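None of these values were measured; they are calculated from a predicted model.
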Amino acid sequence: MRKGWTYRKLGDICEVINGLWTGKKAPFITVAVIRNTNFSKDCRLKLDDVAYLDVETKQYSSRKLKPGDIIIEKSGGSEKQPVGRPVLFDIEEGDYSFSNFTATLRIKEGEIVNPTFLHRCLYGHYVKGETLRMQSKTTGLHNLDMKAFLRLPIPNLPVAEQERIVAELDLLQGIIDKQKAQLKELDTLAQSIFYDMFGDPVENERGWTVYQLFELVTEDCPISYGIVQPGDGEKIGVPVVRPVDLTTTFVHNNGLKLTTEAISNAYKRTILKGDELLLCVRGTTGIVSLAAEDLIGCNVSRGITPLRFKTANRFFMLYQFKTPMIQRIVSELTHGIALKGMNMSDVRKMRFICPPSSLQDLFGKKIESIERQKASINASIAETQKLFDYTMDKYFG
């Protein structure tokens, strides 16, 4: 707690409203229902997948969300993502409610509390791991102890001071959001350049030469999956790239899980040289990233096949893989229910356009320029995020 501040319990400030069940008794009303899937990792509301349900009018009348409400994830979560995520509801219009896996905190009448300030405070408690100690696990679900949650300390500050802190944090968050938007614009630009230079890689209206994937890769790096059981928890060993690591253009040797040198050497065919394209072939198939130079000597898990090309430019192949046309083919080749995957024989036969090397290299240089811009923006995001985290800790740490 911050020296010189006084605190109150969350339960003294807010009332709790339990979530909504699907309606069973008429009359019904169709409303948008906020679920756990509408909580982002950084505890913000995202409305790209809102469910519309027919619910009882009587239930909804007492559970209609109001601007300033804070929705809490009270059931769900996972081993790596505890329950207790808070999101601020700030939508002025529309009929919205919330699911039975959540609860809503509504500031009591007469309490002078800035909802955004309260949300930031609860987010601070969450990232510190406070709710991790308040969860229990039954039948595979993680459940939040609401009684313990309502005992969380909330700073008792004048509203003007609350608003000043909110403005300071909002400024930093706004900078981060703009920088992330710039990254998306650059990714869109890169894909647009691909279409301008090469067209549709499946329709191939420009008549480029077409090869099967196995014809494009080097003999020392055959199309094959990586380590079946790399192990986990090794403190010293060989870093292993997994599908979960394919989140950016380049994968770096930073925080990767380790396997033993003996296990890695048993899969010499997939030991990396730092110039490969990494293709996810299990789970979320079709995701692609590039191996950075600091991955030399590392290996990959069974969910990834490394591709090292003879003459094809790997930036060109990266963006060809990313096109919706190729992703559609990946989807058609993906089989399975519990764990989806692609057969290596199907991957080897995938067909790709292969324009002259000079054009591919020209495209590669344009992408390298874009990647340098992205690296600069990412560095700036990291610095701004540090300042945001410091400010959060200063007020709520």
Side-chain angles (χ1 to χ4, degrees), residues 184-225 243 246-251 269-270 272-282 284-292 300 303-335 340-374:
K184 290 184 178 180
E185 289 172 2
L186 287 172
D187 283 336
T188 301
L189 173 62
Q191 201 68 63
S192 178
I193 293 173
F194 180 93
Y195 291 131
D196 288 342
M197 292 184 66
F198 307 111
D200 185 325
V202 175
E203 291 294 331
N204 192 17
E205 68 276 10
R206 302 188 188 182
W208 305 116
T209 304
V210 176
Y211 290 99
Q212 291 183 324
L213 187 58
F214 80 90
E215 298 177 287
L216 296 173
V217 300
T218 60
E219 293 181 1
D220 65 333
C221 186
I223 299 172
S224 177
Y225 53 77
L246 306 185
T247 57
T248 56
T249 302
F250 285 97
V251 179
R269 63 181 182 267
T270 54
L272 301 177
K273 293 185 177 180
D275 59 356
E276 296 86 355
L277 183 150
L278 307 176
L279 169 65
C280 178
V281 293
R282 299 188 79 191
T284 311
T285 56
I287 296 176
V288 282
S289 292
L290 300 177
V300 300
I304 294 175
T305 182
L307 305 172
R308 189 178 304 124
F309 300 105
K310 296 176 184 175
T311 57
N313 184 290
R314 66 176 184 154
F315 285 106
F316 167 76
M317 292 300 297
L318 175 77
Y319 278 91
Q320 185 168 186
F321 261 108
K322 284 185 173 184
T323 61
M325 306 82 178
I326 296 298
Q327 288 296 311
R328 193 176 304 119
I329 292 173
V330 168
S331 180
E332 292 170 355
L333 296 176
T334 299
H335 306 286
K340 297 181 179 181
M342 302 170 67
N343 294 324
M344 288 297 102
S345 58
D346 291 331
V347 175
R348 295 184 185 103
K349 295 175 184 176
M350 288 182 68
R351 296 167 63 84
F352 293 87
I353 59 172
C354 194
S357 296
S358 58
L359 279 180
Q360 293 187 43
D361 291 341
L362 177 60
F363 174 78
K365 289 179 180 178
K366 292 182 177 182
I367 298 304
E368 286 176 346
S369 175
I370 289 174
E371 286 300 322
R372 284 193 291 271
Q373 295 179 60
K374 287 172 62 178

[X] (side chain) donor-acceptor with [Y] (main chain) under 3.5 angstrom:
| X | Y | result |
| --- | --- | --- |
| Q191 | L189 | no |
| R348 | P222 | no |
| S331 | Q327 | no |
| Q360 | P355 | yes |
| S289 | T248 | yes |

To the nearest 0.5 Å, what is the distance between [atom1] ([X]) and [atom2] ([Y])?
| X | Y | atom1 | atom2 | answer |
| --- | --- | --- | --- | --- |
| S358 | N313 | OG | CG | 11.0 Å |
| L213 | M344 | CG | CE | 10.0 Å |
| C354 | M317 | SG | CE | 7.5 Å |
| L279 | Y225 | CG | OH | 15.5 Å |
| T305 | R269 | OG1 | CZ | 9.0 Å |
| D187 | I367 | CG | CD1 | 9.0 Å |

side-chain hydrogen bond (donor to acceptor under 3.5 Å, both in side chains) contacts in which one or both residues fall within residues 362-371, not counting sequence neighbours: T249-E371, E371-K374
Enclosure of E205 CD (heavy-atom neighbours >12, cutoff 6.0 Å): yes
More than 12 heavy atoms of other groups within 6.0 Å of F309 CZ: yes
Residue pair L246, V288: steps toward the side chain to side chain contact (heavy atoms under 4.5 Å, CB included) verdict: CA-CA 7 Å; L246 306 185; V288 282; over 6 Å; no
Salt bridge (charged side-chain N to carboxylate O under 4.0 Å, His left out) contacts in which one or both residues fall within residues 310-335, not counting sequence neighbours: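 Sorted result for residues 310-335: empty, none.
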Pairs involving residues 195-204, ordered by first then second residue, that meet salt bridge (charged side-chain N to carboxylate O under 4.0 Å, His left out) (sequence neighbours left out): none
Measuring only between side-chain heavy atoms, which start at C-beta, is [X] closer than 4.5 Å to [Y]?
| X | Y | answer |
| --- | --- | --- |
| L307 | I223 | yes |
| R206 | I353 | no |
| P306 | L272 | yes |

Check against side chain to side chain contact (heavy atoms under 4.5 Å, CB included), D220 and K273: CA-CA 11 Å; D220 65 333; K273 293 185 177 180; 2.9 Å; yes
Side chain to side chain contact (heavy atoms under 4.5 Å, CB included) involving R282 - partner list, sequence neighbours excluded: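 R282 satisfies side chain to side chain contact (heavy atoms under 4.5 Å, CB included) with R302, L339 once adjacent residues are dropped.
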Exercise: do N343 and S345 side chains pair donor with acceptor under 3.5 Å: no
M350 and I326: CA distance, side-chain angles, deciding distance, side chain to side chain contact (heavy atoms under 4.5 Å, CB included) verdict: CA-CA 9 Å; M350 288 182 68; I326 296 298; 4.0 Å; yes
Sequence neighbours excluded, every pair satisfying ring pair (Phe, Tyr, Trp, His ring centres under 6.0 Å) that has a member inside residues 198-221: F194-F198, F198-F316, F198-F363
Residues which pass side-chain hydrogen bond (donor to acceptor under 3.5 Å, both in side chains) with T270, listed by chain and number, not counting sequence neighbours: N299
